[in-house]
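Only one structure is covered here, and it is reproduced in the block below.
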Protein chains: 2
Amino acid sequence: MTSPVKLQRRSPAATRMQVSRLFHALSDPTRLHLVELLADGEHCVCDLMAAVDAAQSRLSFHLRTLKDAGIVADRKEGRWVHYRLRPEALEEMAGALNLVREARPGAWRSITCC
Amino acid sequence: MTSPVKLQRRSPAATRMQVSRLFHALSDPTRLHLVELLADGEHCVCDLMAAVDAAQSRLSFHLRTLKDAGIVADRKEGRWVHYRLRPEALEEMAGALNLVREARPGAWRSITCC
DNA sequence: GGAACATATCAAGAAATCTTGATATGTCAA
DNA sequence: TTGACATATCAAGATTTCTTGATATGTTCC
């Protein structure tokens, strides 16, 4: 059974707030790099640290930022941690983008004004 | 004729930098709101100011941020200015997102590590 | 020309974000 | 149990971004 929380009952403002958090998570080159690396599946932090050239605490900060935004999830295994993408988040971003893309942007020139 | 600038000759790092600028532009609820408003075509600043509840210089700041990122373009007409979306920028973002989405994220669990 | 208007820019402070180095936590192996 | 290791967290400073109020620029109308 689905939860009783009403779907899409967020106000437009609340939706924007959430979507802006998602975009913010990808607004940094290091985080973008991490997301690219995770595109083919799970990776452990040590793999990621080798791939992006970042100090440990810096990497940890960016991974947490991605996690807080809901873009990645983690899985603890022994003394290391694996991160993976959350496809739902990517879909949500793509969806927000499509709403704007599909509306024929730049279709007309505004005439009346003020 | 197209310009002689080579296409896609940017390094991955430079591409990430550019894409992160695009995402940054949408990482703020006010700017997201503006982009939504522009989805159906051009609007003049006064329209936008009435729609998003923002002081004049604040609105101007956010429009410039969008413009600097290449997400909108403007057109001056008499004493007012019309803004419109630049579909290329939206496509570029959607493209970056798709590269990640299409790679079956979360497909496998990493076994080997460190 | 001068006033009203639309918009942009600037300067300064406020707030958020990022980086770095230090320390904490939990796990494994000897 | 001790030590090495993987990762997270914290604290402080650096940097960036955002907001606000003031002023500048260019346009139209009288």
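Labels below follow one simple rule: chain letters A, B, ... track the order of the sequence lines, proteins then strands, and each chain is numbered from 1.
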Fill in the blank from the handout: Smallest heavy-atom separation, A:A89 atom then A:I71 atom, equals CB-CA, 3.9 Å

Exercise for the section: Taking only the side-chain heavy atoms of A:H62 (C-beta and beyond), determine which of D:dT7, C:dT7, C:dT19 contains the nearest atom. Expected result: C:dT19

Practice task
For A:L59 and D:dT9, give me the distance from atom CG to atom P, rounded to whole Å.
Solution key: 13 Å

Practice task
Please report, rounded to the nearest Å, how far the C1' atom of C:dT17 is from the NE2 atom of A:H24.
Solution key: 6 Å

Exercise for the section: Using atom CG of B:L63 as one end and atom C1' of C:dA8 as the other, report the distance to the nearest whole Å. Expected result: 11 Å

Handout entry: A:L66 side chain near A:L26 side chain, heavy-atom distance below 4.5 Å
Key = yes

Exercise for the section: Report the distance from atom CZ of A:R21 to atom C1' of C:dT17, rounded to the nearest whole Å. Expected result: 15 Å

Practice task
Would you check, one step at a time, whether the test side chain to side chain contact (heavy atoms under 4.5 Å, CB included) holds for A:R84 with A:V72?
Solution key: CA-CA 5 Å; A:R84 62 183 180 282; A:V72 303; over 6 Å; no

Exercise for the section: Taking the side chain as every heavy atom from C-beta outward, state whether A:L34 and A:H62 have any pair of such atoms under 4.5 Å apart. Expected result: yes

Completion exercise
Closest heavy-atom pair, B:V19 versus B:A96, reported as atoms and distance to 0.1 Å, is CG1-CB, 3.9 Å

Exercise for the section: Let me know the distance between CG of A:L66 and P of C:dC18, rounded to the nearest Å. Expected result: 10 Å

Handout entry: Within 6.0 Å of CZ in B:R64, more than 12 heavy atoms from elsewhere
Key = no

Handout entry: A:T30 and A:R58: CA distance, side-chain angles, deciding distance, side chain to side chain donor-acceptor pair (under 3.5 Å) verdict
Key = CA-CA 10 Å; A:T30 300; A:R58 185 165 162 267; 3.0 Å; yes

Handout entry: Strand-adjacent residues in residues 25-37 of chain B, judged by heavy atoms under 4.0 Å from DNA chain D
Key = B:R31

Practice task
Measure the distance from OH on A:Y83 to C1' on D:dA8 and round it to the nearest whole Å.
Solution key: 8 Å

Handout entry: Side chain to side chain, A:Y83 and A:H43, heavy atoms closer than 4.5 Å
Key = no

Handout entry: Heavy-atom side-chain proximity of B:H24 to B:R31 below 4.5 angstrom
Key = yes

Practice task
Enumerate the residues from residues 68-82 of chain A whose closest heavy atom to DNA chain D is under 4.0 Å, giving them by residue number; use none for an empty result.
Solution key: A:R79, A:W80, A:V81

Exercise for the section: Figure out the CG/P separation between B:L48 and C:dA6, and round it to whole Å. Expected result: 14 Å

Problem - Any side-chain heavy-atom pair of B:S20 and A:D28 under 4.5 Å - result: no

List every contact pair, protein side and nucleotides 20-23 of chain D side both N or O, where the distance is under 3.5 Å.
| unit_1 | atom_1 | unit_2 | atom_2 | d |
| --- | --- | --- | --- | --- |
| D:dG21 | O6 | B:S57 | OG | 3.2 |

Practice task
Would you mind checking if A:R101 and B:E36 are paired as a salt bridge, meaning a charged N to carboxylate O distance below 4.0 Å?
Solution key: no

